[in-house]
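Here's the structure, in structure tokens; my notes come after.
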Amino acid sequence: MEEGRSMFIQTESTPNEDSLKFIPGVEVMSSGSAEFLDTKSALASPLAVRLMGVQGVKAVFYGPDFVTVSKDSENTWAVIKPEIYAILMEHFTSQTQLFRSEEERLNAGPQDTRILDTDSETVAMIKELLDTRVRPAIMEDGGDIEYKGFDDGIVKLKLKGSCRGCSSSTVTLKGGVERMLMHYIPEVKGLEQILDEEEAVALDEFNKFEKRLAENEAKNSAYVVYYV
């Protein structure tokens, strides 16, 4: 009689408190990554469909050796994490196919940094840096980047996975990534983050919060000086 398979799934926190990185200890994506933001897009992957069916889960992201699950703010990890564990455990121990077909696997993965014959030398260098230097570092935090274009010296990028809608990742993108691209490629003059509507609202709220904090600190400092 064949013994049942068992495995240990680790979790890692990410800069986004509403995203967790689940590490099953086996390969997830042999190449590239895949992101599912709704049930329709998840239909390409049976695992993604099941995870999106968990109450509170709003996005699923596959990396080389991890699955990042993002939830809404109304549900707690204490409630939904056990169900996610069970789904991941069942999937990886049964060795079920991650995608319904090879075509859907290829379509789900990013094509953004594949260097094309039509790419200029500058664009090819940008794609190579993003693929070899930026993408591995961002995947450590359970996310990914997507190249969206290069126009008038500005590199356009989109954050994915746990980095989607995360304010600290936005700071990293504008700071570290922008500086690196400008250092190695003189033609690059800056970086623009492409946002979904939901991300734009979240970032706007974060900026307003930071502004209120700064104003309160300024008022408190003025009060202390006056009092002394």
Side-chain angles (χ1 to χ4, degrees), residues 3-39 41-100 105 108-110 131 133-146 158-173 176-177 196 198-199 202-203 206:
E3 292 185 8
R5 293 176 180 268
S6 63
M7 68 189 310
F8 176 66
I9 298 176
Q10 293 179 287
T11 58
E12 284 184 8
S13 58
T14 73
N16 185 347
E17 64 180 16
D18 284 328
S19 294
L20 264 184
K21 186 177 174 183
F22 294 82
I23 307 169
V26 295
E27 180 180 85
V28 178
M29 290 281 287
S30 57
S31 62
S33 63
E35 185 176 44
F36 310 95
L37 303 177
D38 51 42
T39 306
S41 63
L43 291 174
S45 170
L47 174 60
V49 169
R50 293 192 64 192
L51 290 172
M52 291 292 286
V54 177
Q55 184 174 346
V57 170
K58 65 177 188 177
V60 175
F61 177 83
Y62 297 156
D65 59 355
F66 65 87
V67 176
T68 296
V69 178
S70 300
K71 68 174 184 62
D72 58 32
S73 54
E74 285 77 39
N75 290 272
T76 65
W77 285 117
V79 173
I80 67 176
K81 195 158 66 170
E83 190 172 353
I84 294 171
Y85 268 130
I87 292 171
L88 292 173
M89 186 79 71
E90 182 181 333
H91 173 83
F92 287 108
T93 54
S94 66
Q95 298 183 318
T96 305
Q97 291 295 316
L98 192 61
F99 291 91
R100 296 188 188 280
R105 187 194 73 78
D131 207 35
R133 299 287 293 275
V134 179
R135 179 163 276 150
I138 290 182
M139 280 192 171
E140 285 293 314
D141 287 331
D144 198 3
I145 47 99
E146 182 179 354
K158 185 174 182 59
L159 290 169
K160 301 167 71 176
S162 67
C163 300
R164 181 184 291 275
C166 178
S167 55
S168 64
S169 298
T170 301
V171 172
T172 300
L173 195 67
V177 177
D196 290 340
E198 183 182 340
E199 293 174 291
L203 188 60
F206 175 76

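A quick note: this is a predicted structure, and the numbers were derived from the prediction, not measured.
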Closest non-hydrogen atom pair between A137 and R133, with its separation: CB-O, 3.9 Å
Those residues that, when tested against E140, pass side-chain contact (heavy atoms from CB on, under 4.5 Å) (two or more places apart): none
The single option from L51, L98, V67 that satisfies side-chain contact (heavy atoms from CB on, under 4.5 Å) with H91 is L98
State the CD1-CD1 distance between I145 and I138, to the nearest 0.5 angstrom. 5.5 Å
Minimal non-hydrogen separation, S33 against M139, with atom names: CB-CE, 3.7 Å
K71 NZ to N16 CG distance, which is reported to the nearest 0.5 Å: 9.0 Å
Interatomic distance, I9 atom CD1 to F66 atom CZ [nearest 0.5 angstrom]: 14.5 Å
State, to 0.1 Å, how close A42 and M52 come at their nearest heavy-atom pair, and which atoms those are. CB-CG, 4.0 Å
Expected output: side-chain T14 to main-chain S19 donor-acceptor under 3.5 Å: yes
Does V49 form a side-chain contact (heavy atoms from CB on, under 4.5 Å) with L43? I'd like the steps, not just the answer. CA-CA 6 Å; V49 169; L43 291 174; 4.2 Å; yes
Show, in sequence, the C-alpha distance, side-chain angles and deciding distance for E35 and D144, and conclude whether the side-chain contact (heavy atoms from CB on, under 4.5 Å) test is met. CA-CA 9 Å; E35 185 176 44; D144 198 3; over 6 Å; no
Report the relative orientation of the aromatic rings in F36 and F99; use parallel for angles under 30°, tilted for 30 to 60°, perpendicular for over 60°. tilted
Working note: N75 + V57, criterion side-chain contact (heavy atoms from CB on, under 4.5 Å); need CA distance, chi angles, decisive distance, verdict. CA-CA 9 Å; N75 290 272; V57 170; over 6 Å; no
In this structure, OG1 of T93 is separated from CD of Q95 (nearest 0.5 Å) by 8.5 Å
Nearest heavy-atom contact between V28 and F92 is CG2-CZ, 4.0 Å
Atom NZ of K81 and atom CD of E83: how far apart are they, to the nearest 0.5 Å? 14.0 Å
Hey, could you give me the CD1/OG1 distance between I23 and T11, rounded to the nearest 0.5 Å? 8.0 Å
Not counting sequence neighbours, list each pair that qualifies as a side chain to side chain donor-acceptor pair (under 3.5 Å) and has a residue in residues 42-55. S45-Y62, R50-E90
Could you go through F61 and S70, starting from their C-alpha distance and side-chain angles, then the distance that decides it, and tell me whether this counts as side-chain contact (heavy atoms from CB on, under 4.5 Å)? CA-CA 8 Å; F61 177 83; S70 300; over 6 Å; no
Check against salt bridge (charged side-chain N to carboxylate O under 4.0 Å, His left out), E146 and K158: CA-CA 5 Å; E146 182 179 354; K158 185 174 182 59; over 6 Å; no
